[in-house]
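Here the structure comes first, spelled out in structure tokens, and everything after it is commentary.
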Amino acid sequence: MRHIKRINADWEFSKDRDFKNFRQVNLPHTWNAKDGQDGGNDYYRGYGYYRKKIDIKKQEGTEYWLQFDAVAQRARIFINNQQVGHHDGGYSAFRLNITDAIHNGENTIKVIADNLPNQTVYPQKADFTFFGGITRSVHLIRVSQAHFALGHYGDSGIKITPRFASDQSTEAKVEAEIKTEGTANGTTITMQVGNLVTTGIINDNHAYLTMMIKDVHRWDGVNDPYLYHALFTLGTDDDQLLISFGCRTYHFDPNKGFILNGHPYQIVGAAKHEDYWGVGAAVTEEMEDQDNRLLLDMGGNAWRLAHYQHSDYEYQTADQLGILVWAEIPQITTYMKSGDQNAAQQLQELVCQNWNHASIICWTLSNEITTSTGVTPNLLACHRRLNDLAHQLDDSRLTCIANVFMLEPDSELLSIPDIRTYNLYYGWYVPGINQNEEFLEKFHTDHPDMMIGLSEYGADNNPAYHSEHPDQGDYTEEYAAQYHEHMLKVWAARPWLAMLFPWTLADFAADGREEGGKPGQNQKGLVTIDRNIKKDSYYIYKAYLSKQPFVHICGHHYTKRPHHTTIKVYSNQVEVSLTINGHRLAKQKGQHVFTFPVDLQGKSTVTASAGNYHDTITITATDQPVPEYSNGTSGSVTNWFDKDPINPNYYSINDSINDLKKNPQAAAIYQEILVKATSSFGDVAKASKMPPAMEKKMNAISLAKQLKMVARAFKPGEIEQYNRELQQIKKTDERGSKQN
């Protein structure tokens, strides 16, 4: 019989091969828990060495395997100084047969892991930290020589595919792979689901079974995540496995969006990284449970598990909770032809290891892969091969690519997978928040037979930063909240928008970032990286999605405000009352967002109520600027020119790039500004290539609007000085005459 023991405790870890300096650690573990989250883009990327002694009492007719749930990013495994295997890819499980390498008694496991840059293993360039270490659990498995296969891409050896024969019944088709050493062909496999039993016969290490389930109970997302539990027994009792599966149908309709079990089911959730403050990628099951609670409390029903394979525990929990899952491989940002084999391997592992999860609806082949390399023949050929491989491995699910918003909608890349989605950042990385809906409307009009979804969108924000007049690039909690209000309106008005994944549920580690008051973090999360603060943007989703009544006053950390201010309230109730210092100010009817202009004096207690539900904050009125509410750059973007009025007959940064380029002097100043601004970009942004159509749009926008996103690159007063220089250059009319 199979015996599995988790061996996470008491490992020795060192950055020295000879272990001269080591410390005791428990798994999961990463050596970048601190330096991978503190900014500077200087986290340790090198080798890490692990070892552990285990006692094994060897038994005849028994095999011993090691299962690593993840070792990042590459691994070599040794038993008693004998190398027993290696693995490339930091996010998928792998197993090694160690039977011949162990002896009776004490044995030493040694793991050499590394997260060094290379040109063959994905990911290599992305806006997140590539943590190194044994980042998930390790298991010692003991099985008889006849067992459900352990060596096939780390999967269970059993694939269950429900095929509906009618609305009321389904055939559960099973393919089992068996290691049959010592077991003759003709041995039976038994499958039991409740009172139903069926058997199959082993032939050439495989067995095929079919079980008819009548009056089938469908897995129906968060509404009813019903799972069947199948017990598989090999022979009389050689090996046993318990596998859960769900029965559901789904498809995407270009006009109605996602259809689950025959009824519309709007996919709205969040993207997430496997990342947590102080532990990096070495997250625990309790941390994953916390994220699931946050998603469901918000009213979300789906995960985009980015940008790599997540833990099996996460997929299992999604099955049990009814959370739909988008699963993907880490082929991201920069295409590497030398990485084609690794991309295929990671896709094979993703599909094979997660076949039986009812929650998973798509296999995603890449994310923003054209960002730095553009669309090339090799890139297209690679994606066609991956798309074919996914369908060969699993013809029951769809394929997808998450496309960067700079990719032209008529690109050949979009026609390869089954699902078309975009990561849109109009209103954050580039000006023009309204371009999000313009882009989507044009796509839907031009491609009426294609579904379209939003796989990413968001705005960085620090809950310590606030403004009465929030604007793009200021990192305030208020701007991000307005941004997400806008995007939810876009979604609510378009039933054909098949999926919505804000980026992200929680802030996450991106050590190359130096912005927004928190170096080393991407702050687009709806909650903070430690999960201690739910930002205002979290609650606007709850207002749209959750059925649990609530009221939330925006700006819980915005406690010092002008005397004349506006109190904003999010709620899923239709009527909200506002009380100040015990006196009711007003009552409003509405949906989702309620705004109350108020005049405050001194310290005020403000309460919003809807029936039995209420929220309270304390605000102190002040006419003085609050320095800690600013992001500390020259990005007080609203007062760049307070002292210097603009003469419209001379150039200024209020002019478009197109206009500035018309004059050699103005163009030279613009080029100097561009070089300065580019220096503040992270590696990913620096490598980005803008297509001609988007560049044309950007050149029509004023330089001032574009500078808002890179104000951090300039010292106080620099932007004003550039503007003064431009104001010395007189404009000319189309005939070349100076304007009066």
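By convention here, the first residue in the shown sequence is residue 1.
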With sequence neighbours left out, write down each residue that passes ring-ring contact (aromatic ring centres under 6.0 Å, His included) with H552, or none if nothing qualifies. Y539, H556
For the side chain of E368 and the backbone of A402, is there at least one donor-acceptor N/O pair under 3.5 Å apart? no
Whether K568 and D536 form a salt bridge (side-chain N of Lys/Arg under 4.0 Å from carboxylate O of Asp/Glu) is what I want to check. no
The single option from Y544, Y570, Y541 that satisfies ring pair (Phe, Tyr, Trp, His ring centres under 6.0 Å) with H592 is Y544
Please collect all salt bridge (Lys or Arg N to Asp or Glu O under 4.0 Å) contacts where either partner lies in residues 414-441, sequence neighbours excluded, each pair once. E441-R494
Looking only at heavy atoms, the pair that brings E314 and L305 closest together is CG-CD1, 3.8 Å
Sub-4.5 Å side-chain heavy-atom contact between V576 and F596: yes
How about NZ on K337, more than 12 heavy atoms from neighbouring residues, nucleotides or ligands closer than 6.0 Å, or not? no
Going by the rule ring-ring contact (aromatic ring centres under 6.0 Å, His included), which residues pair with F550 if we only count those two or more places apart in sequence or in a different chain? none
Under a 3.5 Å cutoff, is there a donor and acceptor pairing between the side chains of N378 and T376? no
Hey, is the main chain of P648 close enough, under 3.5 Å, to the side chain of S652 for a donor-acceptor pair? no
Any side-chain heavy atom of L703 sitting closer than 4.5 Å to one from D655? no
Backbone of V268 reached by a side-chain donor or acceptor of N301 within 3.5 Å: yes
If we ignore hydrogens and angles and just use 3.5 Å, is the side chain of N572 paired with the main-chain N or O of S546 as donor and acceptor? yes
Within the distance-only criterion (no hydrogens, no angle test), does the side chain of D220 pair as donor or acceptor with the backbone N or O of N223 below 3.5 angstrom? no
Please check: side-chain N/O of Y335 versus main-chain N/O of D340, any donor-acceptor pairing under 3.5 Å? no
Can you name the residues that form a ring-ring contact (aromatic ring centres under 6.0 Å, His included) with H307, not counting sequence neighbours? F128, H273, W503
Could you work out, with side chain to side chain donor-acceptor pair (under 3.5 Å) as the rule, every residue matching N462, not counting sequence neighbours? none
Residues H484 and S537: closest non-hydrogen pair is CD2-CB, 3.6 Å
Verify side chain to side chain donor-acceptor pair (under 3.5 Å) between D394 and S396, making sure each step is shown before the conclusion. CA-CA 5 Å; D394 179 8; S396 69; 2.5 Å; yes
Those residues that, when tested against P470, pass side-chain contact (heavy atoms from CB on, under 4.5 Å) (two or more places apart): S467, D474, T476, E478, Y479, Q482
Taking salt bridge (Lys or Arg N to Asp or Glu O under 4.0 Å) as the cut-off, I'd like each qualifying pair that reaches into residues 451-460, sequence neighbours left out, listed once. R304-E456, D460-R513, D460-K524
Heavy-atom closest contact (P264 atom, I259 atom, distance): CA-CD1, 3.9 Å
side-chain contact (heavy atoms from CB on, under 4.5 Å) involving L321 - partner list, sequence neighbours excluded: N292, L296, T317, I323
Side chains of N461 and Q523: closer than 4.5 Å at any heavy-atom pair? no
Kindly state whether the ring of F501 and the ring of W491 have centres lying under 6.0 angstrom apart. no
How close do R248 and N261 get, heavy atom to heavy atom, and via which atoms? CA-OD1, 3.2 Å
Closest non-hydrogen atoms of A270 and W303, given as atom of the first, atom of the second and distance, are O-CE3, 3.3 Å
CG on D449 to CG on D253, rounded to 0.5 Å: 11.0 Å
Mind checking whether V404 and T370 have side chains closer than 4.5 Å, heavy atoms only? yes
Any residue meeting side chain to side chain donor-acceptor pair (under 3.5 Å) with S455, in chain and number order, not counting sequence neighbours: T421, N423
Answer with yes or no after comparing the ring centroid distance for F405 and F439 against a 6.0 Å cut-off, counting only values under it. no
Sub-3.5 Å donor-acceptor pair from the side chain of T566 to the main-chain atoms of T595, do we have one? no
Where the side chain of Q266 meets the backbone of P495, is there a donor-acceptor pair that is under 3.5 Å apart? no
Answer yes or no on whether R397 is positioned over the face of Y250, meaning its NZ or CZ is under 6.0 Å from the six-membered ring centre and within 45° of the axis. no
By ring-ring contact (aromatic ring centres under 6.0 Å, His included), Y651 pairs with (sequence neighbours left out) none
Donor-acceptor pair, W219 side chain versus D319 backbone, under 3.5 Å? yes
For a 4.5 angstrom cut-off between non-hydrogen side-chain atoms, does H310 reach Y91? no
Could you check E477 against C554 for side chain to side chain contact (heavy atoms under 4.5 Å, CB included), going step by step and ending with a plain yes or no? CA-CA 9 Å; E477 192 173 14; C554 295; over 6 Å; no
L440 meets the side-chain contact (heavy atoms from CB on, under 4.5 Å) criterion, sequence neighbours left out, with L424, I452, L454, V490, W496, L497
Under the criterion side-chain contact (heavy atoms from CB on, under 4.5 Å), which of T399, T364, L347 is the partner of L386? L347
Between P463 and K518, what is the shortest heavy-atom contact and its length? CD-NZ, 4.4 Å
Salt bridge check, K542 against D297: does any charged N sit closer than 4.0 Å to a carboxylate O? yes
Could you check whether D388 pairs with R385 (Lys NZ or Arg NE/NH1/NH2 to Asp/Glu carboxylate O, under 4.0 Å)? no
Do side-chain atoms of Q331 reach the backbone of L365 as a donor and acceptor pair under 3.5 angstrom? yes
Do NZ/NE/NH1/NH2 and the carboxylate oxygens of K535 and D507 come within less than 4.0 Å? yes
With a 4.5 Å limit on heavy-atom distance, are the side chains of M451 and F258 in contact? no
Sequence-distant partners of S411, side-chain contact (heavy atoms from CB on, under 4.5 Å), two or more places apart: V375, L407, L413, L414
